Protein chains: 2
Amino acid sequence: MAIFSKTCEYAIRAVFYIAHTSNKGHKTGIKDIAAGIDSPELYLAKILQNLSKQGIISSSKGPNGGFYIQESSLTKPLSDIVEAVDGNGLFYGCALGLSQCSEVNPCPLHHQFKSIRDQIHQVLRQTTIGEFNEELINGLFSLKK
Amino acid sequence: MAIFSKTCEYAIRAVFYIAHTSNKGHKTGIKDIAAGIDSPELYLAKILQNLSKQGIISSSKGPNGGFYIQESSLTKPLSDIVEAVDGNGLFYGCALGLSQCSEVNPCPLHHQFKSIRDQIHQVLRQTTIGEFNEELINGLFSLKK
DNA sequence: TTTATAAAGGACAAAAATATCTTTTATTAG
DNA sequence: CTAATAAAAGATATTTTTGTCCTTTATAAA
Ligand code: FES
Ligand code: FES
């Protein structure tokens, strides 16, 4: 088990990739993105369709079309992507799968994991989509397997 | 997405349940455990078979048989259960699914998530199987949905 | 307007996780 | 020894996740 679903991993990596390639109105095709993040092209297409519907990224059809991110969206937090794909279980769900996480009727791990979940949430809320563009351009970070 | 797989959630809850019922050599049957933690009985049976093979819990067949935990095993860390069921991806895997998490070729989220993973690992290593027995007996913690 | 391009959409397929069913084996009580 | 009990083992079923294929729609260039 990983922290995020595979779908969500692809989604975040793809959004980072699109963000750092989409300056001055440049659009990136699915083939390029899939190659850039080492993911199955057709599956990624579905994921990006979803993110596009949710308004996290944008797309245009036809020649010179592709996926891109509005300047204004670069400041959106990563938690938007995670919620869109994996839901908010990671932020609010009980670590042991109880139907609701509550202070009143807590599971044994409640206290320790509440703190961990809060931290995950905070990191994802304070990290933005566009935040790593420079490092990505400079090759300091990897998005490939 | 939750932190642990459903299988692992059942496993941890079941082990807690067994731990707090298994004093003075008492053994607990699968029916009792499944009811006690609100889980599908036959699926849980498979999970406990596995934990038993891995030496985390013990079992005996026949009349008055059932599952129990050796006194000495009460001090085992929860990380043993998690590793047995979900593997160590949560502790060592890359948050964005890169084939290996490395300082040399890190993903953009490496630093922040390394710290989070380490904390999860630490909590699970320092929390023991038997640690909550008293609270469980006193009904301060819940293992049921 | 026609053609080429690229995403959207819907159907389908494969793999993994979750769940159930049936038979076998070990153990204990009578 | 026999019968009853309870876990082990193996087979099968269902659901969810992941991945692919094929057709349609929108757009732009020629
Ligand atoms: S009740 Fe389990 S984490 Fe809060
Ligand atoms: S490389 Fe992604 S978490 Fe370390």
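A note on names: the letters A, B, ... follow the listed sequences, proteins ahead of strands, and every chain is numbered from 1. Every value quoted in this text rests on a predicted model; they were computed, and no experiment measured them. As a basis for the values below, the full set of heavy atoms in this structure was taken, side chains included, without hydrogen atoms, waters or symmetry mates.
Residue B/Ile30 is in sugar-phosphate contact alone, with no base atom involved, counting any heavy-atom pair closer than 4.0 Å across all strands shown. Nucleic acid contact for A/Lys27: none, since no nucleic acid atom lies under 4.0 Å from a heavy atom of the residue.
Both A/Ser59 and A/Pro63 sit near DNA chain C, but only A/Pro63 has its closest nucleotide nearer the 5' end. Remark on DNA chain C: of its neighbouring residues A/Ala45 and B/Thr7, the 5'-side contact belongs to A/Ala45, judged by nearest-heavy-atom nucleotide.
The shortest distance between the side-chain N/O atoms of B/Tyr10 and the OP1/OP2 oxygens of C/dA19 is below 4.0 Å. Residue A/Tyr43 places none of its side-chain N or O atoms closer than 4.0 Å to OP1 or OP2 of D/dC21. One finds no side-chain N or O of B/Ser60 lying less than 4.0 angstrom from the OP1 or OP2 phosphate oxygen of C/dA26. Side-chain N/O atoms of A/Ser52 include none lying less than 4.0 angstrom from OP1 or OP2 on C/dA7. Note on B/Lys46: every side-chain N or O is 4.0 Å or more away from OP1 and OP2 of D/dA7. Look at A/Asn64 and you won't find any side-chain N or O under 4.0 angstrom from OP1 or OP2 of C/dT5.
Heavy atoms only, all atoms of each residue included: A/Lys145 and B/Leu98 are closest at N-CD2, 4.1 Å. In terms of heavy atoms, A/Tyr92 sits closest to A/Arg117 at O-NH1, 3.6 Å.
Remark: of the listed residues B/Ile37, B/Ile33, B/Ile69, B/Ile69 is the sole one forming a side-chain contact (heavy atoms from CB on, under 4.5 Å) with B/Val15.
Atom-to-atom, CG of A/Asn50 to C1' of C/dA7 comes out at 14 Å; the value is rounded to the nearest Å. Here the C1' atom of nucleotide D/dT17 and the CG atom of A/Leu42 are 16 Å apart, to the nearest Å. To the nearest angstrom, P of C/dA19 lies 14 Å from CD of B/Glu41. Across the protein-nucleic acid pair, A/Met1 atom CE and D/dT18 atom C1' stand 15 Å apart, rounded to whole Å. Put simply, NZ on B/Lys53 is 8 Å from C1' on D/dA8, counting in whole angstrom units. Rounded to a whole Å, the NZ atom of B/Lys31 is 16 Å from the C1' atom of D/dA8. Rounded to an integer number of Å, the gap from CG of A/Leu48 to P of D/dT18 is 15 Å. Across the protein-nucleic acid pair, A/Ile47 atom CD1 and C/dG9 atom C1' stand 16 Å apart, rounded to whole Å.
For the segment residues 14-26 of chain B, no residue has any heavy atom less than 4.0 angstrom from an atom of DNA chain C.
Of the listed nucleotides (D/dA8, C/dA19, C/dG9), C/dA19 has the atom at the smallest distance from the side chain of B/Lys6. For A/Lys61, the side-chain atoms get nearest to D/dT27 when compared with the rest of D/dT27, D/dT18, C/dT25. Distances were taken from every side-chain heavy atom of B/Gln49 (C-beta onward) to each of D/dG19, D/dA8, C/dT20; the shortest belongs to D/dA8.
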Point to revise | Check against side chain to side chain donor-acceptor pair (under 3.5 Å), B/Glu103 and B/His110 | key: CA-CA 8 Å; B/Glu103 301 280 340; B/His110 176 78; 3.2 Å; yes
Check your understanding: For B/Glu134 and B/Asn138, what are the C-alpha separation, side-chain angles and deciding distance, and is it a side chain to side chain donor-acceptor pair (under 3.5 Å)?
Key -> CA-CA 6 Å; B/Glu134 202 158 326; B/Asn138 296 335; 4.9 Å; no
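Residues B/Asp118 and B/Lys114 meet the side-chain proximity criterion, which asks for heavy atoms closer than 4.5 Å.
One finds the CD1 atom of B/Ile47 at 7.5 Å from the OH atom of B/Tyr10 (value rounded to the nearest 0.5 Å). Interatomic distance, B/Leu124 CG to B/Glu83 CD, rounded to the nearest 0.5 Å: 9.5 Å.
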